[in-house]
Number of protein chains: 2
Amino acid sequence: MKKPRPDLSAQIAASIRDAIVEGRLIVDERLPSEAELSEQFDVSRPTVREALKRLGAQSLIRTQRGATGGAFVNHLRYEDAYAQHVTTSTLLLSMNDVSFDTAAEARFALEAACVPLACARRTPDHLATMRAECHRQAQPGLSDEGFCASDVAFHRALVDGAANPVLSYQLAGAVEAMQPLMNMITFSARSRGVIVGLHGRIADALEARDAVAADVALSELAAYTRELAQSVFAERARR
Amino acid sequence: MKKPRPDLSAQIAASIRDAIVEGRLIVDERLPSEAELSEQFDVSRPTVREALKRLGAQSLIRTQRGATGGAFVNHLRYEDAYAQHVTTSTLLLSMNDVSFDTAAEARFALEAACVPLACARRTPDHLATMRAECHRQAQPGLSDEGFCASDVAFHRALVDGAANPVLSYQLAGAVEAMQPLMNMITFSARSRGVIVGLHGRIADALEARDAVAADVALSELAAYTRELAQSVFAERARR
DNA sequence: GTTTTTTCATTTGTCAGACATTTAAAAGTC
DNA sequence: GACTTTTAAATGTCTGACAAATGAAAAAAC
């Protein structure tokens with residue numbers, strides 16, 4: 001029942017993190033040097049460094065060497081947060097025995113939310129990406145991993161079509177973390193054909209800005225994916 | 001154009017992180033001791049420690065002191081990832097000048113995706129939470145911050161009603177990160193009444209498992225929220 | 001006076017060694 | 001056999017030092 005007192009470096013990291021989140025430290029502001037911090041918190045420099053590394057791992061600060069160097073509050077960009085979000089999401093799925101169905105349900109539900117927006121805002125660029133991925137998916141020599149990677153790229157283009165960075169960031173985890181689960185499935189030439197066909201229909205609907213048609217095609221894709229996964233897992237269980 | 005070679009501690013952290021993500025290190029497996037790692041990577045112990053702190057900050061490992069202690073691959077749980085996801089999402093919004101409209105659009109689109117699932121799966125617990133938050137929101141003495149916090153809790157209950165942990169995790173960022181933006185709005189007694197009324201209608205629809213009615217009420221809430229924000233910001237701009 | 005070069009102080013990155021603290025297993029005691 | 005003590009191993013922390021990078025000031029060259 002007793003709370004294990006967190007490490008000093010964790011305490012210091014939390015203290016600085018709070019200052020950033022609450023706005024007491026603003027973007028590009030320079031933190032005190034390690035020597036000054038170690039005096040302020042009354043700890044040694046290595047301990048301060050461990051705290052700073054923690055914050056660096058979360059992209060909250062960046063460090064620079066040299067005379068005018070130091071630790072600076074980082075301007076957190078989508079790309080920085082993106083990689084971490086995907087890593088965490090992937091590990092969450094693999095470590096918590098999330099079923100294929102659960103993950104697929106989440107992904108398709110979230111994508112469905114993007115469809116109306118994507119129909120309204122998709123640019124020729126988004127369509128071109130989707131068409132290119134469809135073309136790649138139809139290549140006969142493509143490996144299963146390559147097919148799944150292309151599948152992820154296609155769905156990312158759909159999400160990005162909504163032109164809402166908040167949406168893109170939040171959904172990145174769900175979309176990308178699906179890939180390892182998809183990789184567990186081996187796609188026959190026939191099932192690949194069905195999927196590419198549905199991808200084509202989704203792209204067509206987005207081009208025509210027809211949200212209803214896109215939603216129907218996406219639902220069919222969801223159903224077919226679930227079906228495919230069930231038969232693959234059933235086959236595997238029999239052996 | 002030249003790539004600044006990353007720090008040794010960053011290299012080591014990346015190396016271990018890859019091993020975890022790729023499954024070469026499995027959950028609860030013990031990493032070599034700091035002394036052994038420093039020998040393996042041919043660096044000093046403080047450098048190894050900085051690398052381990054980086055991984056600890058991402059909840060990828062946990063450390064334990066004592067004879068059988070050491071660093072262990074952590075079983076990443078939703079709760080661990082949750083706090084980090086919310087912190088990152090909040091900072092992303094505040095640092096990238098995301099407009100209220102963009103964030104609200106994302107939140108309502110994602111919640112709409114949960115509505116059909118929540119209608120099918122919501123438990124009495126979810127309904128009770130939503131009713132309780134509605135009741136709190138109707139209290140006259142509630143501060144603006146308290147109102148917003150309750151608003152977030154209400155929407156979280158809606159999302160959790162979908163009974164899909166992947167969905168809950170991914171949406172947590174969008175829902176919780178909205179709060180600081182909502183806090184910028186001061187709610188009149190009248191606007192509070194409208195919002196509570198719409199919340200009530202959403203809860204009613206979920207209780208009746210009526211997805212269409214829930215979707216309509218949610219859409220109205222989205223429109224009203226946007227309207228409210230616009231008038232608040234317009235008023236502020238005038239001064 | 002202006003430009004270029006050199007020097008230099010500051011700061012992070014890394015290392016070595018040491019001691020403190022925690023923890024569980026091993027050894028000892030009854 | 002059950003309990004207590006010892007001990008070894010591991011992380012947590014500190015001190016002190018040097019290396020490397022970097023911008024600014026000082027010096028030199030034109």
Side-chain angles (χ1 to χ4, degrees), chain A residues 1-17 19-20 25 27-75 80, chain B residues 1-17 19-20 25 27-75 80:
Chain A
M1 199 48 61
K2 84 173 167 187
K3 51 181 176 185
R5 196 191 58 211
D7 302 349
L8 283 175
S9 67
Q11 287 178 43
I12 294 166
S15 166
I16 298 174
R17 176 164 43 242
I20 295 174
L25 289 170
V27 169
D28 291 335
E29 185 170 339
R30 185 180 170 281
L31 278 84
S33 74
E34 295 175 355
E36 287 171 309
L37 285 172
S38 67
E39 222 177 284
Q40 278 184 30
F41 288 101
D42 197 31
V43 296
S44 68
R45 215 187 119 209
T47 302
V48 167
R49 284 183 60 79
E50 287 178 7
L52 294 179
K53 293 305 167 194
R54 291 178 120 105
L55 300 174
Q58 295 170 290
S59 303
L60 264 63
I61 61 167
R62 63 177 188 281
T63 58
Q64 208 173 357
R65 287 175 39 165
T68 57
F72 299 84
V73 178
N74 200 15
H75 185 124
D80 299 330
Chain B
M1 196 47 65
K2 86 172 165 186
K3 48 184 177 184
R5 195 190 58 210
D7 302 351
L8 282 176
S9 68
Q11 287 177 44
I12 293 167
S15 166
I16 298 175
R17 175 161 47 241
I20 295 174
L25 289 170
V27 169
D28 290 335
E29 186 171 336
R30 185 179 169 281
L31 283 114
S33 73
E34 295 176 353
E36 287 172 309
L37 284 172
S38 69
E39 224 178 283
Q40 277 182 31
F41 288 102
D42 197 31
V43 297
S44 69
R45 213 186 122 210
T47 303
V48 167
R49 282 183 61 78
E50 287 178 7
L52 293 179
K53 294 303 170 196
R54 291 179 120 104
L55 299 174
Q58 295 170 291
S59 302
L60 266 63
I61 61 168
R62 64 177 187 278
T63 57
Q64 209 173 357
R65 285 170 52 158
T68 58
F72 298 84
V73 178
N74 200 16
H75 185 124
D80 299 330

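Please read these numbers as outputs of a predicted model, since none were measured by experiment.
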Just the atom pairs and distances: protein N or O near nucleotides 10-13 of chain C's N or O, under 3.5 Å.
from   : atom 1 : to      : atom 2 : distance (Å)
C/dT10 : O2     : A/Ala67 : N      : 3.2
C/dT11 : O4'    : A/Gly66 : O      : 3.1
C/dT12 : OP2    : A/Glu34 : N      : 3.1
C/dG13 : OP1    : A/Thr63 : OG1    : 3.1
C/dG13 : OP1    : B/Asp7  : OD2    : 3.2
C/dG13 : OP2    : A/Arg49 : NH1    : 2.9
C/dG13 : OP2    : A/Arg49 : NH2    : 3.4
C/dG13 : OP2    : A/Lys53 : NZ     : 3.2
C/dG13 : O4'    : A/Arg65 : NH1    : 2.9
C/dG13 : N7     : A/Arg45 : NH2    : 2.9
C/dG13 : O6     : A/Arg45 : NH1    : 3.4

With side chain to side chain contact (heavy atoms under 4.5 Å, CB included) as the test, would you mind laying out the steps for A/Ile12 and A/Leu37 before giving the verdict? CA-CA 9 Å; A/Ile12 294 166; A/Leu37 285 172; over 6 Å; no
Do any side-chain nitrogens or oxygens of A/Thr47 fall under 4.0 Å of OP1 or OP2 in D/dC14? yes
Using a 6.0 Å cut-off, check whether atom CD of B/Glu39 has over 12 heavy atoms from anything other than its own residue. no
Holding to salt bridge (charged side-chain N to carboxylate O under 4.0 Å, His left out), I want the full list of residues that pass it with A/Arg54, two or more places apart in sequence or in another chain. none
B/Leu37 CG - D/dA10 C1' separation (whole Å): 12 Å
How many Å lie between CZ on A/Phe41 and P on D/dG12, as a whole number? 19 Å
side-chain contact (heavy atoms from CB on, under 4.5 Å) with A/Val48: of A/Leu8, A/Leu31, A/Ile16, A/Val43, only one passes, and it is A/Val43
Do A/Ile61 and A/Ile20 have side-chain heavy atoms sitting under 4.5 Å apart? yes
